[in-house]
Amino acid sequence: MQFDEVIRGRRSIRGYKTDPVPRALIEEIIGLAMRAPSSMNTQPWNFTVVAGEPLDRIRRGNTERMVAGVPQSREFRTGQPFAGQHRDRQIGVAKQLFAAMGIAREDQERRQDWVLRGFRQFDAPVCVIITYDRVLDGSDDTPFDCGAVATALVNAAWSRGLGAVINSQGIMQSPVVREHAGIADDQVIMKSIALGWPDESFPANAVVSERKAVEEATVFVGFDD
């Protein structure tokens, strides 16, 4: 694919085929993603790629703890709940997804199942967990850099025919993830990315989230026009 095709064509994939993803292909994608820029070339990111039974244990542990009401324990700051235009955008994409899936507002059972899909890593065959070195904890540059590598990873995956979705729900119960993925104590769990072959029959996969206009997001200073 050309660069523009990847950027404009990529979308978040929330439904996957069960077909396995070859390890060599994942290594190729991570290698591309690691060309992302980082502050002073610190490259703080590390990756734990989970599949098979260990991933199933994470899915079960996440779901059981959330259903039981165990408070979330993400290892990075979440900030305040979204409000204003940011909350409006969050609600907007949720409405798009529920409409695509035919989930009515009053259908609490299906709405709950949709939420739990996130804790199950969207039933993808692969989960990539992004961590960073704990010695860098407290640096704002570090999560910024991890965001850059996550973006590069999902774009690299798309260019190879794979789908992905950057997912916070999958690591909300960090003790479960740390235990079953064998993540060392010197790492901070930042994000997870569900990865696999897109199921084109899954309605939500056709959803393209809206973007605000360049004019709304950008201020130009010092230009003649």
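Side-chain atoms are counted along with the backbone in the values below, which use heavy atoms only and exclude waters and symmetry mates.
The pair Asp185-Arg134 fails the salt-bridge criterion, with no side-chain N (NZ, NE, NH1 or NH2) lying under 4.0 Å from an Asp/Glu carboxylate O. No salt bridge links Lys95 with Asp88; every basic N to acidic carboxylate O contact stays at or beyond 4.0 Å. Ion pair Lys17/Glu200 not flagged as a salt bridge, since none of the NZ, NE, NH1 or NH2 atoms sits closer than 4.0 Å to an Asp/Glu carboxylate oxygen.
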| query | side chain to side chain donor-acceptor pair (under 3.5 Å) between Gln43 and Asn41: does it pass, once the steps are laid out? | reply | CA-CA 5 Å; Gln43 302 179 58; Asn41 198 35; 3.0 Å; yes
| Test salt bridge (Lys or Arg N to Asp or Glu O under 4.0 Å) applied to Arg120 and Asp113, step by step | CA-CA 10 Å; Arg120 301 197 310 263; Asp113 180 69; 3.7 Å; yes
| task | Take Arg178 and Glu75 through the test salt bridge (Lys or Arg N to Asp or Glu O under 4.0 Å) and record every step on the way to the result. | result | CA-CA 11 Å; Arg178 188 173 291 280; Glu75 297 182 5; 2.8 Å; yes
| message | Applying side chain to side chain donor-acceptor pair (under 3.5 Å) to Arg65 and Thr63, what does each step give before you reach the verdict? | response | CA-CA 6 Å; Arg65 287 166 67 100; Thr63 303; over 6 Å; no
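Sorted by first and then second residue, the side-chain hydrogen bond (donor to acceptor under 3.5 Å, both in side chains) pairs involving residues 146-166 (not counting sequence neighbours) are Glu28-Arg160.
Connection of Ile30 to Ile166 is established within a shared hydrophobic cluster, with ILVMFWY side chains joined at heavy-atom distances below 4.5 Å, either directly or through further cluster members. Grouping the Ile, Leu, Val, Met, Phe, Trp and Tyr side chains by contacts below 4.5 angstrom, directly or via other members, places Trp45 with Val49. Ile26 and Met34 end up in the same hydrophobic cluster when Ile, Leu, Val, Met, Phe, Trp and Tyr side chains are linked at under 4.5 Å. Note on Phe202 and Ile103: same hydrophobic cluster, where clusters join Ile, Leu, Val, Met, Phe, Trp and Tyr whose side-chain heavy atoms are under 4.5 Å apart, directly or indirectly. There is a path of hydrophobic side-chain contacts, each under 4.5 Å, that joins Trp197 to Ile29.
The backbone N or O of Ile13 lies less than 3.5 Å from no partner atom in the side chain of Asn205, so there is not a single donor-acceptor pair. Between the side chain of Gln121 and the backbone N or O of Ala194, no donor-acceptor pair lies under 3.5 Å.
For Glu216, the CD atom sits in a packed shell: over 12 heavy atoms of surrounding residues, nucleotides or ligands are nearer than 6.0 Å. Surrounding CZ of Arg110 are more than 12 heavy atoms belonging to other residues, nucleotides or ligands, all under 6.0 Å away. Residue-environment remark: CD (Glu109) stays at or below the threshold of 12 foreign heavy atoms within 6.0 Å.
Between Phe122 and Trp114, the two ring planes are perpendicular [angle over 60°; tilted spans 30° to 60°]. Note on ring orientation: taking the six-membered ring where Trp is involved, the planes of Phe220 and Phe223 are perpendicular (angle over 60°, cut-offs 30° and 60°).
Side-chain contact between Cys127 and Arg59 is absent, with no heavy atoms from C-beta onward closer than 4.5 Å. Side-chain contact between Val149 and Phe47: present, with at least one pair of heavy atoms (C-beta onward) separated by less than 4.5 Å.
To the nearest 0.5 angstrom, Thr42 atom OG1 is 6.5 Å from Leu136 atom CG. Here SG of Cys146 is found 11.0 Å from NZ of Lys191. Values are rounded to the nearest 0.5 Å.
Among Thr142, Asp137, Asp145, the one residue that satisfies the side-chain hydrogen bond (donor to acceptor under 3.5 Å, both in side chains) test with Tyr132 is Asp137.
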